Amino acid sequence: MSFFKKLFGGGAPAAPAHEVVEHEGFMILPQPIPEGGQFRLGASISKEIDGEVKEHKLIRADMFPSAEQCAEYAVTKAKQVIKEQGDRIFR
């Protein structure tokens, strides 16, 4: 890959915007991360607590060939994290 492609973006296409999913009072926003022609699992989990929006960035090693597949699994993984940790995720 040339210097300019590395500098100005090249390789994997930018991940499309995804819709927010509400789950048990939490908001999940899938955020696939383009990497090496694939997409790494990423998501933002947020919730309003005492009038303040708290946010947790979820990033995992899982890689997917498409942004859509990655986004679907990101929602599944975020729901699992919410079930296991609940509000403790923001500590």
Side-chain angles (χ1 to χ4, degrees):
M1 183 177 290
S2 77
F3 171 76
F4 290 106
K5 281 188 179 180
K6 287 180 184 176
L7 183 63
F8 296 110
H18 297 279
E19 292 193 26
V20 173
V21 175
E22 190 277 329
H23 179 71
E24 296 183 7
F26 291 82
M27 304 307 282
I28 302 167
L29 176 61
Q31 298 175 321
I33 303 164
E35 187 175 310
Q38 295 187 25
F39 295 87
R40 181 173 303 281
L41 189 147
S44 172
I45 302 170
S46 60
K47 182 178 181 181
E48 186 174 327
I49 300 175
D50 297 328
E52 181 182 350
V53 176
K54 304 281 188 173
E55 182 179 29
H56 175 79
K57 293 289 187 178
L58 176 69
I59 299 174
R60 296 289 185 256
D62 305 286
M63 300 291 283
F64 298 86
S66 76
E68 284 304 316
Q69 288 176 334
C70 186
E72 288 176 25
Y73 193 74
V75 171
T76 301
K77 189 64 175 175
K79 287 179 179 180
Q80 179 184 357
V81 169
I82 290 167
K83 180 180 178 184
E84 291 172 357
Q85 298 184 29
D87 290 347
R88 291 177 299 152
I89 194 171
F90 303 118
R91 292 185 190 168

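Note: hydrogens, waters and symmetry copies are ignored here, and every other heavy atom, side chains too, is used. Note that the structure is predicted; figures quoted are calculated from it, not measured.
Here Gln80 pairs with Lys77, Glu84 under the side chain to side chain contact (heavy atoms under 4.5 Å, CB included) rule; sequence neighbours left out. Annotation: side chain to side chain contact (heavy atoms under 4.5 Å, CB included) contacts of Ile49 (sequence neighbours excluded): Lys47, Lys54, Asp87, Phe90. Not counting sequence neighbours, the partners of Glu55 by the salt bridge (charged side-chain N to carboxylate O under 4.0 Å, His left out) test are Lys57. Considering only residues two or more places apart in sequence or on other chains, Arg88 meets the side chain to side chain contact (heavy atoms under 4.5 Å, CB included) condition with Gln85, Arg91.
Proximity of Gln38 to Cys70: side-chain heavy atoms (C-beta onward) are nowhere separated by under 4.5 Å.
Put simply, Val75 and Ile33 are part of two different groups of oily side chains (I, L, V, M, F, W, Y) that touch within less than 4.5 Å, one to the next.
Here the CD1 atom belonging to Ile28 is positioned 6.0 Å from the NE2 atom belonging to His23, to the nearest 0.5 angstrom.
Across all non-hydrogen atoms, the minimal contact from Ala74 to Leu58 is O-CD2, 4.4 Å. The shortest heavy-atom contact between Gln69 and Ser66 is N-OG, 3.1 Å. The nearest pair of heavy atoms linking Ala78 to Ile45 is CB-CD1, 3.8 Å.
Sorted by first and then second residue, the ring-ring contact (aromatic ring centres under 6.0 Å, His included) pairs with a member in residues 63-85 read Phe64-Tyr73; sequence neighbours excluded.
In the hydrophobic clustering, Met27 connects to Val20, Leu29, either directly or through intervening members, whenever side-chain heavy atoms lie under 4.5 Å apart.
Counting heavy atoms of neighbouring residues, nucleotides and ligands inside a 6.0 Å radius, atom CD of Glu22 exceeds 12 of them.
Remark: the backbone N or O of Met63 is not paired with any side-chain donor or acceptor of Arg40 at under 3.5 angstrom.
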